[in-house]
Amino acid sequence: MSTPTLDKHSAALDAAENTASHTIKVTFRIRRFNPEVSEEASWQDFELDIDPKERVLDALHKIKWDQDGTLTFRRSCAHGICGSDAMRINGKNRLACKTLIKDINPQKPITIEAIKGLTVLKDLVVDMEPFFQAYRDVMPFLITKGNEPTRERLQSPEDRERFDDTTKCILCAACTSSCPVFWNDGQYFGPAAIVNAHRFIFDSRDEGGEQRLEILNDKDGVWRCRTTFNCTDACPRGIEVTKAIQEVKRALITRRF
Amino acid sequence: MKIHKYDTVIVGAGGAGMRAAIESTKRSRTAVLTKLYPTRSHTGAAQGGMAAALANVEEDNWEWHTFDTIKGGDYLVDQDAAEILAKEAIDAVLDLEKMGLPFGRTPKGEIDQRRFGGHSRNHGEAPVRRACYSGDRTGHMILQTLYQNCVKEGVEFFNEFYVLDQLVVEEDGVKKSAGVVAYELATGEIHVFQAKSVIYASGGTGKFFKVTSNAHTLTGDGQAACYRRGLPLEDMEFFQFHPTGIWRMGILLTEGARGEGGILRNKDGERFMEKYAPVMKDLASRDVVSRSIYTEIREGRGCGPEGDHVYLDLTHLPPEQLDAKLPDITEFARTYLGIEPYTDPIPIQPTAHYAMGGIPTNVEGEVLSDNTTVVPGLYAAGEVACVSVHGANRLGTNSLLDINVFGRRAGIAAAEYCADHDFVELPEDPAQQVIDQVERLRNSTGTERVTELRKELQECMDANVMVFRTEQTIKTAVEKIGELRERYLNVSIQDKGKRFNTDLLEAIELGNLLDLAEVMAVSALARKESRGGHYREDFPNRDDVNFMRHTMAYREVGADGKESIRLDYKPVVQTRYQPMERKY
Ligand code: SF4
Ligand code: FES
């Protein structure tokens with residue numbers, strides 16, 4: 001059994017415990033939009049002295065709190081579990097609270113803009129309604145027939161594991177708003193809705209698979225996916241989104257799930 | 001201003017609010033007002049599990065669970081409520097399973113269970129496997145499952161509606177709820193919701209501390225709305241400090257990590273919990289573990305260059321076990337600390353986690369306006385409420401349980417109340433107070449800044465009313481909070497717009513935090529004993545003779561307009577368990 005002592009530290013632990021404050025100058029280039037002020041969106045630069053170990057969300061807070069109170073974004077948990085703060089950071093969809101400044105090349109200006117494909121309402125805030133509507137449209141709830149058992153429904157650990165990956169989704173929209181098909185056609189269900197359909201289609205307790213597959217067989221359904229893998233790259237929960245979509249496609253062909 | 005009319009209005013869409021909504025929507029016309037999209041609620045941050053004596057993996061029963069809850073709460077728990085909690089836990093878990101929750105499973109396919117702090121077999125003999133879980137994201141799965149079922153039931157949500165005022169009217173000397181006033185974040189518009197019943201399920205107040213596991217949005221909005229309208233707050237001095245937050249950041253690392261075999265170590269590598277809790281060791285209750293950690297730190301055995309933290313050591317556990325049972329928290333360590341928990345211990349410190357106190361209710365979720373009188377039409381459930389099932393210290397996994405048991409109860413009770421009661425007439429100009437509050441902040445030219453006041457508040461709370469308290473530190477806090485409340489009157493904001501004005505929102509939230517921080521400190525000052533999460537170094541023992549009672553704090557406004565806090569006390573309901581000394 002290992003008993004860590006101060007002299008057996010890894011370099012990573014030493015770095016993590018280092019309290020010496022070390023700040024660098026970073027430029028944040030943020031896409032601003034407020035129709036109360038102007039119909040045009042524009043870029044605005046903010047300079048910060050900040051510890052590169054901090055999160056992009058910390059930087060946004062510093063800007064809002066110390067420089068410009070009108071800067072507007074959504075956030076809540078600050079550690080990647082509530083899904084509030086997906087945004088385009090240096091051209092890639094990420095959660096601001098799960099992205100450390102040091103990991104995104106702070107030597108150059110860091111660009112931050114709202115996720116694409118959903119209407120921007122103010123600065124980094126987009127209209128999430130179409131996104132949640134697509135989610136609701138796939139019937140994201142357990143559908144069962146017959147009488148309920150008195151105790152729990154049984155499910156083997158293997159059957160439970162089958163859909164584990166897609167239960168991790170926090171509905172942040174990073175995947176859907178990174179999808180070129182969705183950018184071109186907002187009617188497409190988008191990866192997040194398919195991920196959540198997958199979560200039920202492959203749940204051994206669920207008996208609504210056929211219904212859900214019919215919904216996804218629609219012209220705006222899974223067949224629109226062109227397997228560009230943007231969604232998988234974007235997912236902050238590490239869900240294999242493209243794989244899940246492929247599995248749903250296969251289930252549509254074989255009708256086995 | 002818009003006026004809406006619903007039978008039941010629910011404030012908040014975390015676990016308690018949505019569990020209530022599933023019941024009330026079936027029985028009454030219900031609206032859920034939530035300042036966040038429902039799936040953003042902080043229930044989703046809960047990790048380790050939900051307690052229920054299913055006895056799927058070893059012998060267990062609800063009576064043992066009741067006892068553990070009462071003992072864990074240092075006997076300040078209302079025992080009738082704890083019994084309901086433990087008994088109804090079993091159905092609460094089974095209900096969630098039927099709603100689709102993907103619990104971890106045993107080889108037989110039943111719901112699996114794991115160990116958790118303070119949960120024991122046969123009244124403290126040894127740890128018991130009682131926590132039902134889904135990896136280390138049980139709260140996430142509960143939140144998702146409840147939202148999914150709200151979609152199924154067609155629950156009506158008003159997303160990003162921020163409730164700022166509780167309408168209370170007096171009819172024949174009885175305080176009654178008439179509805180709420182809400183601010184629509186997207187447009188700045190003010191909405192009055194007239195309702196036969198209102199359920200508060202708006203969560204905790206952790207943001208008055210600096211190092212906290214709570215989300216930015218947990219600012220005690222429901223507690224503050226009721227308190228300002230003259231309703232009491234119960235046991236606000238009791239706040240839980242979770243032993244294992246990521247050092248300096250406060251991000252929660254579940255107790256399930258210790259349930260899986262994780263060990264706390266000081267800088268010498270010593271498993272120090274053996275000294276403080278010989279039987280339960282690292283799985284003693286949270287207040288005990290947090291105090292032990294700080295004792296180690298104070299006595300110079302803390303880790304790191306400043307000796308200000310200890311380690312959560314998982315390095316002896318097989319990587320497969322960490323991947324299967326603790327994937328999220330190991331990922332947090334990698335993301336935020338850059339370390340590898342397979343091989344490195346994780347720097348941790350106690351983090352402000354959970355408010356045991358809140359809006360007083362009875363076991364049906366009905367809000368009380370004093371020790372016994374119910375406010376007709378007003379309900380509360382979850383962290384915002386104080387039933388009190390958690391007493392002076394909540395056991396891990398009892399909060400996910402609480403939201404389900406009492407969320408459901410409040411939802412049913414509120415909807416049934418609608419069936420045979422009429423609307424209470426709205427007061428004249430129901431939105432006036434909110435309009436004034438919003439306009440004052442929007443137009444203020446004051447020189448104080450929200451950021452600065454909030455920072456000073458959080459630093460003051462961490463320094464003075466955290467794990468260790470004394471008369472002097474609490475007095476310092478009371479004084480400082482008083483000063484901050486004065487300065488708050490002179491606060492101004494930069495965003496003067498109507499659209500998504502989160503600058504304004506943060507200013508309002510700060511006002512709530514300041515009010516509640518004051519109640520907490522004043523309540524703590526008067527409790528000259530140590531019990532559960534409230535530890536007074538100047539009164540290190542529990543004093544059942546003088547303090548086996550709940551604190552009830554009321555806001556009073558004098559004839560001169562000056563505000564003060566009046567403290568009263570309420571007896572603890574004791575049924576079958578006599579207070580004993582608490583040992584783990
Ligand atoms: S699949 Fe991943 S990226 Fe898409 S909404 Fe869910 S968590 Fe976000
Ligand atoms: S703030 Fe919750 S995911 Fe980033």
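Keep in mind the model is a prediction, meaning the values are calculated, not measured. Per chain, numbering begins at 1; letters A, B, ... match sequence-line order. Any value given below was found using the heavy atoms of this structure, including those in side chains, with hydrogens, waters and symmetry copies removed.
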Answer with side chain, backbone, both or neither: which region of A/E152 has an atom nearer than 4.5 Å to a non-hydrogen atom of chain B?
both

Relative to chain B, which segment of A/R160 carries a heavy atom at a distance below 4.5 Å: side chain, backbone, both, or neither?
side chain

Only pairs of heavy atoms separated by less than 4.5 Å count here; which of B/L101, B/D308, B/N501, B/L504 has the most with chain A?
B/L101

B/N56 versus chain A, the contacting section by heavy-atom distance below 4.5 Å
side chain

Greatest number of non-hydrogen atom pairs under 4.5 angstrom with chain A, of B/N214, B/D503, B/D328, falls to B/D503

For B/L337, is it the side chain, the backbone, both or neither that has a heavy atom under 4.5 Å from a heavy atom of chain A?
both

Among the options B/R137, B/K496, B/H42, pick out the one with the most heavy-atom pairs lying under 4.5 Å from chain A.
B/R137

Which bit of A/K168 is near chain B, if near means a heavy-atom gap under 4.5 Å: side chain, backbone, both or neither?
both

For A/A78, is it the side chain, the backbone, both or neither that has a heavy atom under 4.5 Å from a heavy atom of chain B?
both

Interchain contact, B/P107 with chain A, by part (heavy-atom threshold 4.5 Å):
backbone

Flag the one option from B/R271, B/E506, B/E452 with the top tally of heavy-atom pairs under 4.5 Å to chain A.
B/E506

Which atoms of A/T144 approach chain B - backbone, side chain, both or neither, heavy atom under 4.5 Å:
neither

Heavy-atom distances under 4.5 Å only: say whether A/D164 touches chain B with side chain, backbone, both or neither.
both

Where does A/R205 contact chain B at under 4.5 Å (heavy atoms): side chain, backbone, both or neither?
side chain

Are the charged groups of A/K64 and A/D68 less than 4.0 angstrom apart, N to O?
no

Chain A heavy atoms under 4.5 Å from B/E306: which part of the residue, side chain, backbone, both or neither?
side chain

With B/A46 via side chain to side chain contact (heavy atoms under 4.5 Å, CB included) - residues at least two apart:
B/L400

Looking only at heavy atoms, which of residues 142-149 of chain B get nearer than 4.5 Å to chain A?
B/Q144, B/Y147, B/Q148

Heavy-atom distances under 4.5 Å only: say whether B/E340 touches chain A with side chain, backbone, both or neither.
neither

A/L71, part contacting chain B, at a heavy-atom distance under 4.5 Å
backbone

Is B/E160 close to chain A through its backbone or its side chain, or both, or neither, when contacts mean heavy atoms under 4.5 Å?
side chain

I want to check something: taking the side chain as every heavy atom from C-beta on, are A/C97 and A/H79 in contact at a cut-off of under 4.5 Å?
no

Member of A/H198, A/R199, A/R237, A/E240 meeting the side chain to side chain donor-acceptor pair (under 3.5 Å) criterion with A/T166:
A/H198

I need the residue from B/Q494, B/M141, B/R248 with the largest number of non-hydrogen atom pairs under 4.5 Å to chain A.
B/Q494

side-chain contact (heavy atoms from CB on, under 4.5 Å) test vs A/L13 passes for just one of B/I346, B/D344, B/T343, namely B/D344

Side chain from CB out, backbone as N, CA, C, O: work out which of these in A/E129 comes under 4.5 Å of a heavy atom of chain B, or both, or neither.
both

Most contact-rich option vs chain A, by heavy-atom pairs under 4.5 angstrom, among B/L36, B/D112, B/D95, B/L54, is B/L54

A/D206/A/R212 salt bridge by N-O under 4.0 Å criterion:
yes

Using non-hydrogen atoms only, which part of B/F500 is less than 4.5 Å away from chain A: side chain, backbone, both, or neither?
both

So, the part of B/S41 with a heavy atom under 4.5 Å from chain A: the answer is neither

So which part of A/L100 gets closer than 4.5 Å to some heavy atom of chain B, the side chain, the backbone, both or neither?
side chain

Under the 3.5 angstrom rule, does the side chain of A/R74 hit a backbone N or O of A/V126 as a donor-acceptor pair?
yes

For A/R151, is it the side chain, the backbone, both, or neither that has a heavy atom closer than 4.5 Å to a heavy atom of chain B?
both

